[in-house]
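For reference, the structure discussed in these notes is given below.
Note that the structure is predicted; figures quoted are calculated from it, not measured. Remember, it's 1-based here, ligands and their atoms both numbered in the order they're listed.
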Amino acid sequence: MTNLIAAGIAGTGLCLPERRVTNDELAKVIDTSDEWIIKRTGIRERRWVEDGVQCSDLATGAAREALANAGIKASDLDLIVVGTVSGDCVFPAVACQVQHNLGATCAAFDVNAACTGFLTAMQVGSTHISAGLAKSVLVIGSEALSRMVNKTDRGSAIIFGDGAGAAILQPFDVCGRGEILRSTLGADGSGHDLIALPMGGTRHFHNMDSYVKEDHFIQLKGREVYRFAVQKMAELIRWAMEGIDQDDLCCVIPHQVNQRIIEGALDRLDWDQSKVMVNIDRYGNTSAASVPIALHEALEQGRIQEGKYVVLVAFGAGLTWGGSLLRW
Ligand code: UT7
């Protein structure tokens, strides 16, 4: 295809709840241990929102930092897209609340692609730029999943954390950074029941006569997801690296799903972890927020160098997946 406008990343930001929840704190209420969680997941602590803090508050915080880093105002935005599965309400969209909080006036909507939410939002945003429909797009991954986990279920409560990450997309010839060279999205709906929160939709609508407590919380078939995740992460990195010399790559930013899953994928590729950004030890699995949080931290830590390639990959409930190759 010709005449498409390349999109780039003009600035990034993040927002994390203050409250740190250690493995030892969880072990007081769940039959688990710090040792088990570190060994099986790599997680040492995660952040959980305090009472009164919503998904949109985290998203707004990350957006403000991204706007400042890009050097633009909320009034410059043409579109806001938020990837989330833990919005303040079933509807309306978190993106509309963020638009209001920022004082922007542009179009705003959410995408529901679970842990692939940020990459989906980014692809929607970059497509708007490529088509000439927008000049500045705010894309966010934001989650407050601690509100949706059964805090007594050791299979899921230990994994998830809260947080938000954001990026401002602009035409690459305007921002001159983070050029999005190619992207892919995919889904396999036959795995729709592997990670789900049944309650609140039209299938398990609210009915006090048939109340099933478990339906109000995230249900996770961790083992099945584990196998899918290892294979998909390796596949996506391979796709992104096609025709790219490893020496020209500065950083792979994978969804922070589980340290062992990341290692499993790298084993399949015969790679070590030196060029792979991992922060799961501090934040756990923040679903749609994990890639943009890690991207922002990688930039802050100087792990991303001008002219070098960056690979973003994610996968999650749906099942969904996505990948992007960028050049900084
Ligand atoms: O981002 C997308 C959403 N994320 C995911 O879907 C996560 C993907 N899956 C995973 O990260 C891992 O599967 C988990 C961390 C969820 C579980 O780790 P695992 O190594 O796959 O453990 P397992 O489910 O195979 O369980 C092994 C054993 C079981 O005991 P038995 O049956 O062998 O006696 C579990 O009951 O570990 C037990 N177990 C625990 N023990 C202590 C499971 N969870 C815990 C726990 N603490 N928190």
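- Of all the heavy atoms of Ile37, none lies under 4.0 Å from any atom of ligand 1, so neither backbone nor side chain is involved.
- By the definition of a contact as any protein heavy atom under 4.0 Å away, atom 19 (P) of ligand 1 is in contact.
- Distances from atom 22 (O) of ligand 1 to the heavy atoms of Arg227, Gln259, Arg40 put Arg40 nearest.
- Listed by number with element, the atoms of ligand 1 under 4.0 Å from a non-hydrogen atom of Thr41 are 15 (C).
- At a distance under 4.0 Å, a protein heavy atom can be found next to atom 1 (O) of ligand 1.
- Proximity of atom 32 (O) of ligand 1 to the protein is not indicated, since no non-hydrogen protein atom lies closer than 4.0 angstrom.
- Scanning the protein for heavy atoms near atom 7 (C) of ligand 1, the closest one is Ile159 CD1, 4.1 Å.
- When heavy-atom distances to ligand 1 are checked against a 4.0 Å cut-off, Thr32 comes that close through both its backbone and its side chain.
- When heavy-atom distances to ligand 1 are checked against a 4.0 Å cut-off, Ile30 has no atom that comes that close, whether in backbone or side chain.
- Distances shorter than 4.0 angstrom do not occur between any heavy atom of Ala229 and any atom of ligand 1.
- With Cys55 as reference, Asp88 is the one residue of Val85, Val82, Asp88 to meet the side-chain contact (heavy atoms from CB on, under 4.5 Å) rule.
- Under a 4.0 Å heavy-atom criterion, Lys221 is not in contact with ligand 1.
- For Gly222, a nitrogen or oxygen atom sits less than 3.5 Å from a nitrogen or oxygen atom of ligand 1, counting backbone and side chain alike.
- One finds no salt bridge joining Arg238 and Glu235 here, because no Lys/Arg side-chain nitrogen approaches an Asp/Glu carboxylate oxygen to under 4.0 Å.
- One finds a salt bridge joining Arg282 and Glu297 here, because a Lys/Arg side-chain nitrogen approaches an Asp/Glu carboxylate oxygen to under 4.0 Å.
- In this structure Lys221 satisfies the salt bridge (charged side-chain N to carboxylate O under 4.0 Å, His left out) test together with Asp193, sequence neighbours excluded.
- The shortest N or O to N or O distance between Tyr226 and ligand 1 is not under 3.5 Å.
- When only modelled atom types and interatomic distance are considered, Thr22 and Glu45 share no side-chain donor-acceptor pair under 3.5 Å.
- Protein heavy atoms all stay at least 4.0 Å away from atom 26 (O) of ligand 1.
- For atom 35 (C) of ligand 1, the nearest non-hydrogen atom of the protein is Arg154 NH2, 3.8 Å.
- The closest protein non-hydrogen atom to atom 24 (O) of ligand 1 is Arg223 CG, 4.1 Å.
- Between Glu50 and Arg19 there is no salt bridge, since no side-chain N of the basic residue sits under 4.0 Å from a carboxylate O of the acidic one.
- Residue, atom and distance of the protein heavy atom nearest to atom 17 (C) of ligand 1 are Trp36 CH2, 4.1 Å.
- Side-chain atoms of Thr320 come within 3.5 Å of backbone atoms of Ala113 as a donor-acceptor pair (strictly under, hydrogens ignored).
- For the side-chain contact (heavy atoms from CB on, under 4.5 Å) criterion with Asp162, the lone passing option out of Ser146, Ser287, Ser142 is Ser146.
- With respect to Asp31 and Arg154, a salt bridge is recorded, a charged nitrogen being found less than 4.0 Å from a carboxylate O.
- Ring pair Phe315/His255 is perpendicular by interplanar angle, where above 60° counts as perpendicular and below 30° as parallel.
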